[in-house]
Enquirer: 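Below you'll find the structure I mean.
Naming: A, B, ... by sequence-line order, numbering from 1 per chain.
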There are 2 protein chains.
Amino acid sequence: MPQLEHFDHYVRFFKVLGEPQRLKIVGLLAQSPHTVEQIAKTLKIGVSTVSHHLSRLSDAGLVSAKAESYYSIYRLNSEALRDMARTLLRQTEKPTVAGAENPDAFERKVLATFTESDGRIKAFPTQEKKYLVLVRHVLTAFEPGVHYTEKRLNQILANYNEDTARLRRSLVEYHYMAREGGGGKYWRIDTPASADTSGAD
Amino acid sequence: MPQLEHFDHYVRFFKVLGEPQRLKIVGLLAQSPHTVEQIAKTLKIGVSTVSHHLSRLSDAGLVSAKAESYYSIYRLNSEALRDMARTLLRQTEKPTVAGAENPDAFERKVLATFTESDGRIKAFPTQEKKYLVLVRHVLTAFEPGVHYTEKRLNQILANYNEDTARLRRSLVEYHYMAREGGGGKYWRIDTPASADTSGAD
DNA sequence: GAACTATTTCGATAAATATAGAAATAGTTC
DNA sequence: GAACTATTTCTATATTTATCGAAATAGTTC
């Protein structure tokens, strides 16, 4: 299990912000610190409700309170928002191919139908869904982080099918591999694992 | 009303991602396009449930579908995630002071207690909550977007209290004003309005 | 066009939770 | 310490919604 213990934290973060009143509270706190009563009056909802929302925001690490005389002054933790925003940006820059190494029933079926026992591709399916299975199958022949010359790439692709140009084009088209502008170097642009998808139960 | 018509969109975005199964689906689609059935099998939930989730993800602009033979192949809209991440980053860089011009009951009371009728500050409250009201009160004397020399800043602050150094320090400390490193220029670092807080009802 | 396939829609149910009022708590002021 | 204040906790209720099975739909294959 990779960095997946953060999954629950992500869910909490989004769920907490996915409620109109709470998002408004965050908006208020983004402008300046507030007390519970101030928020309740501005939003025209009960204090106990506000307290409840602040408690959930606090659980998610989005706000923090500070006692001051009678009042609890709540502040926004801008860092929490910033961190999540950066995490999201990082994620969107790295497509992945997880699941390629333990195929489900459908993928097994497609591989059984369209590849030889040694892995060579017998024929290309027209359905994109099936074709993608084969592209990912070919991708497993390449190491993440390694740069391949086009010549070496073609040698490896030739183990799968004589139409190496087609395979090369598909790998790039589906963003499984990147190509350097000039020198003709290729490399995998995925990562071992992105967000949690392995499951909870 | 500023750019607040996006409020509902923000809520939908966060709410949609704040559900474990949907977040897992996003994780799957971040790796590769999937059909409804594939997702259902991987997550061990019913197809109709997956279809429902995909529908909500689609409403939020997070995924898009493409018909292909029997199947609907769903893809992640990475741009939607990227855009939101960038919006969040932008927001966290701009604290604001909205609400300073129409004070609520509490702020009125504080201002009545601690300022003269001409706006001068009679005394400084020790409670931070009340002190903040005065800091924001002083801030209204400055125009957004205008750069002030320290000399001019002190002239204006002197209209509120002789302890101009304290006021200047507080304005910077609470991030209502920024100071340029060398030349001693000051300016408001807020914006007219950030996320929606004005209200939906 | 008939048979078939994946997906979507519909209807119903169970679980999660936003909300508010009342009671309890923690802390301040005099 | 007594009176007071804001906040939190508790209890209950109403709303939202995740989930599934069945029926309806849209599209493909032969």
Enquirer: Side chains of B:Y10 and B:T87: any donor to acceptor distance under 3.5 Å?
Expert: no

Enquirer: Restricting to non-hydrogen atoms, name the atom on A:K130 and the atom on A:F114 that form the minimum distance, rounded to 0.1 Å.
Expert: CD-CE1, 4.3 Å

Enquirer: Nearest whole angstrom, please: distance from the C1' of C:dT7 to the NZ of B:K66.
Expert: 17 Å

Enquirer: Applying side-chain contact (heavy atoms from CB on, under 4.5 Å), run through B:L134 and B:L167 and close with a yes or a no.
Expert: CA-CA 9 Å; B:L134 293 181; B:L167 290 175; over 6 Å; no

Enquirer: Take atom CD1 of B:I45 and atom C1' of D:dT19, then tell me their distance rounded to the nearest Å.
Expert: 9 Å

Enquirer: Is A:Q21 close enough to C:dA18 that one of its side-chain N or O atoms is under 4.0 Å from OP1 or OP2 there?
Expert: no

Enquirer: How about B:F142 and B:Y148: are their ring centres within less than 6.0 Å of each other?
Expert: yes

Enquirer: Looking at D:dC20, D:dA18, D:dT8, which one has an atom nearest to any side-chain atom of B:R22?
Expert: D:dA18

Enquirer: Going by distance alone, is a donor N or O of one side chain under 3.5 Å from an acceptor N or O of the other, for B:N161 and B:R120?
Expert: no

Enquirer: In whole angstrom, give the distance that lies between atom CD of A:Q38 and atom C1' of D:dA6.
Expert: 12 Å

Enquirer: Name every residue in residues 11-19 of chain B that has at least one heavy atom under 4.0 Å from any atom of DNA chain D, in order of residue number, or write none if there are no such residues.
Expert: B:K15, B:E19

Enquirer: Strictly below 4.0 Å, N to O, side chains only: are A:R179 and A:E150 in salt-bridge contact?
Expert: no

Enquirer: Using a strict threshold of under 4.0 Å (side-chain N to carboxylate O), is an ion pair present between A:R75 and B:E128?
Expert: yes

Enquirer: Atom pairs, N/O to N/O, protein against nucleotides 25-30 of chain D, distance under 3.5 Å?
Expert:
none

Enquirer: Does B:T49 have any side-chain hydrogen bond (donor to acceptor under 3.5 Å, both in side chains) partners at least two apart in sequence or in another chain, and if so, which?
Expert: none

Enquirer: With rounding to the nearest 0.5 Å, note down the distance linking CG in B:L171 to CG in B:L153.
Expert: 7.0 Å

Enquirer: With Watson-Crick and G-U wobble geometry limited to distances under 3.5 Å, how should the secondary structure of DNA chain D be encoded in dot-bracket form, using | for bases paired to another strand and [ ] for crossing pairs?
Expert: ||||||||||||||||||||||||||||||

Enquirer: Is the NZ or CZ atom of B:R136 positioned over B:Y176's six-membered ring, under 6.0 angstrom from the centre and within 45° of the axis?
Expert: no

Enquirer: What I want to find out is whether B:E37 reaches A:K129 closely enough, with some N-O distance under 4.0 Å, to be called a salt bridge.
Expert: no

Enquirer: Extract all donor-acceptor atom pairs below 3.5 Å that involve side chains of residues 12-23 of chain B and protein atoms in other chains or at least two apart in sequence.
Expert:
from: B:E19; atom 1: OE1; to: B:Q21; atom 2: N; distance (Å): 3.1
from: B:E19; atom 1: OE1; to: B:R22; atom 2: N; distance (Å): 3.1
from: B:R22; atom 1: NE; to: B:V16; atom 2: O; distance (Å): 2.7
from: B:R22; atom 1: NH1; to: B:H53; atom 2: ND1; distance (Å): 3.2

Enquirer: Just the rounded figure in Å: distance from P of C:dT5 to CD of B:E37.
Expert: 11 Å

Enquirer: Which whole-number value in Å describes the distance from B:K44 NZ to D:dT19 C1'?
Expert: 17 Å

Enquirer: Where along residues 47-59 of chain B does a heavy atom come under 4.0 Å from DNA chain C, residue by residue in number order?
Expert: B:S48, B:S51

Enquirer: Can a salt bridge be assigned to the pair A:E79 and A:R86 using a cut-off of 4.0 Å between side-chain N and carboxylate O?
Expert: no

Enquirer: Would B:H137 and B:Y160 count as a close aromatic pair, with their ring centres under 6.0 Å?
Expert: yes

Enquirer: Rounding to a whole Å, what distance do you find between A:I39:CD1 and D:dT8:P?
Expert: 10 Å

Enquirer: What's the CG-C1' distance between A:L43 and C:dA18, to the nearest Å?
Expert: 13 Å

Enquirer: For C:dT8, take OP1 and OP2 only and decide whether either is under 4.0 Å from a side-chain N or O of B:Y74.
Expert: yes

